[in-house]
Amino acid sequence: MTVSNLIDGRAIAEDIHRETVERIARLREKGVQPGLAFVRVGEDPASKVYVGMKERMCARLGIRSELHLLPEQTSQTELLALLDRLNADPRLHGVLVQAPLPRHIDSATVFAAVLPSKDVDGFHPTNVGKLMLGDPSGFAPCTPAGVHELLIRSQTPIQGAEVVILGRGNIVGKPMLSILIQKSRTANATVTLCHSLSRDIPGRCRQADILIAAIGVPEFVKALMVKPGAVVIDVGVNRVEDPSAKSGYRLVGDVDFAAVQPLAGRITPNPGGVGPMTIAMLMRNTVRAAEVATGIPPAV
Ligand code: GUN
């Protein structure tokens with residue numbers, strides 16, 4: 001029998017949900033129900049799926065959620081006016097604006113308009129700064145925070161490890177770097193962040209003890225880019241055309257899973273790896289926002 005080398009994101013996310021549900025129960029004993037507002041602008045198909053999944057998880061765990069659906073042509077001024085109302089609503093502890101936004105809206109301005117104390121996505125400059133400074137009072141973006149938890153809970157050695165991150169986006173690559181370079185027992189890694197102009201990406205990847213792919217290119221990571229025994233984390237969700245699929249497309253990650261799995265030490269499946277962790281971190285951030293806002297700390 002071969003022992004699986006998969007890092008089971010679904011199972012780890014369920015462990016976190018159990019912890020979150022206990023915290024929600026404690027809040028509810030004190031008469032507080034955590035509340036989260038979702039704002040979606042336009043009809044981006046992937047955003048519809050993601051927001052739907054997050055709403056269902058709120059319902060399952062006992063977080064009150066509300067969805068604000070705005071048409072594609074909504075002006076930035078209208079969107080900012082809605083955020084003002086949500087920021088001021090004491091029943092809401094978290095406010096999430098789903099990215100991507102339509103092109104006529106400046107995402108940075110919008111993310112900066114969410115109150116930092118309600119910014120459970122961790123996109124506000126105050127929270128970005130706190131993450132870089134190692135100040136735990138801020139919120140970390142959910143996907144890199146989820147990858148960090150996956151590494152910790154799968155007992156992957158992080159201190160002193162060579163980590164290579166593929167992708168420098170504000171949602172995954174940059175905050176992932178911030179998390180892993182901190183002076184902390186759960187970080188202390190040596191991190192290389194590669195992007196489109198980096199030289200010798202395969203050679204750099206082959207040095208990695210932990211390889212995190214968040215580059216948005218289907219099956220970019222091939223077997224020759226992976227050191228045998230490395231831990232490989234696939235953050236990618238790419239739609240590729242597939243006439244044989246009912247929807248006309250299928251989802252593939254940033255890692256050529258079939259080729260890489262046999263030589264990886266551990267590897268995340270996709271789906272079932274990072275995705276469930278992103279949602280688990282969002283739920284946890286929302287509950288923490290509610291605890292801080294109401295002054296009710298968790299039991300432990
Ligand atoms: N779009 C892709 N990932 C995310 C995320 O984590 N949060 C939000 N709000 N939008 C996203």
Side-chain angles (χ1 to χ4, degrees), residues 9 13 16 36-58 63 65-70 72 74 76 79-80 82-83 86-87 92-103 105-116 118-128 131 138-150 165-179 212-217 233-239 251 253-254 270-271 273-286 288-289:
I16 294 166
L36 174 57
F38 297 104
V39 180
R40 181 161 69 71
V41 187
E43 300 299 321
D44 177 68
S47 291
K48 283 182 174 174
V49 173
Y50 292 138
V51 172
M53 289 165 72
K54 293 170 188 177
E55 284 184 283
R56 284 193 294 281
M57 191 58 76
C58 283
I63 294 172
S65 78
E66 54 187 51
L67 173 61
H68 296 265
L69 216 50
L70 304 179
E72 180 86 23
T74 302
Q76 182 166 310
L79 176 54
L80 294 175
L82 170 63
L83 294 178
L86 303 178
N87 282 340
L92 289 171
H93 306 102
V95 175
L96 180 153
V97 183
Q98 186 66 29
L101 289 166
R103 290 237 299 268
I105 294 178
D106 180 55
S107 302
T109 302
V110 170
F111 294 140
V114 175
L115 215 53
K118 295 193 177 191
D119 172 37
V120 290
D121 249 336
F123 293 169
H124 188 285
T126 294
N127 285 320
V128 175
L131 189 70
F139 292 107
C142 300
T143 299
V147 170
H148 190 213
E149 281 288 345
L150 272 185
I165 300 170
L166 297 174
R168 58 172 152 190
N170 289 337
I171 294 181
V172 185
K174 285 187 209 167
M176 192 79 251
L177 173 117
S178 292
I179 291 169
I212 301 172
I215 199 171
V217 178
I233 307 289
D234 187 359
V235 183
V237 183
N238 306 291
R239 283 184 182 217
L251 296 176
D254 288 355
N270 192 344
V274 175
M277 293 300 292
T278 297
I279 298 184
M281 293 299 103
L282 176 65
M283 301 295 113
R284 191 170 81 175
N285 277 353
T286 302
R288 183 156 68 83

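Atoms within a ligand are numbered from 1 in the order they appear, just like the ligands themselves. Throughout, residue positions are numbered sequentially from 1 according to the sequence presented. Keep in mind that this is a model prediction, so the values were computed, not measured.
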Given [options], the one that forms side chain to side chain contact (heavy atoms under 4.5 Å, CB included) with [X]:
{"X": "Phe123", "options": "Val120, Asn127, Asp121", "answer": "Asp121"}
{"X": "Leu177", "options": "Val172, Ile212, Ile165", "answer": "Ile165"}
{"X": "Thr74", "options": "Leu101, Leu69, Val41", "answer": "Val41"}

Would you indicate whether the side-chain heavy atoms of Ile16 and Met281 approach each other to under 4.5 Å? yes
Which atom pairs, nitrogen or oxygen on both sides, join ligand 1 and the protein at under 3.5 angstrom?
| residue | atom | partner | partner atom | Å |
| --- | --- | --- | --- | --- |
| ligand 1 | 1 (N) | Gln98 | NE2 | 3.3 |
| ligand 1 | 1 (N) | Ala99 | O | 3.1 |
| ligand 1 | 7 (N) | Asp121 | OD1 | 3.1 |
| ligand 1 | 7 (N) | Asp121 | OD2 | 3.3 |
| ligand 1 | 9 (N) | Val97 | O | 2.9 |
| ligand 1 | 9 (N) | Asp121 | OD2 | 2.5 |
| ligand 1 | 10 (N) | Gln98 | NE2 | 3.3 |
| ligand 1 | 10 (N) | Ala99 | N | 3.0 |

Are Glu149 and Arg284 ion-paired here, with the side-chain N under 4.0 Å from a carboxylate O?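 A salt bridge is present here (some side-chain N lies under 4.0 Å from a carboxylate O).
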Using the salt bridge (charged side-chain N to carboxylate O under 4.0 Å, His left out) criterion, which residues pair with Arg288? Sequence neighbours excluded.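 Salt bridge (charged side-chain N to carboxylate O under 4.0 Å, His left out) check on Arg288 returns nothing, list empty.
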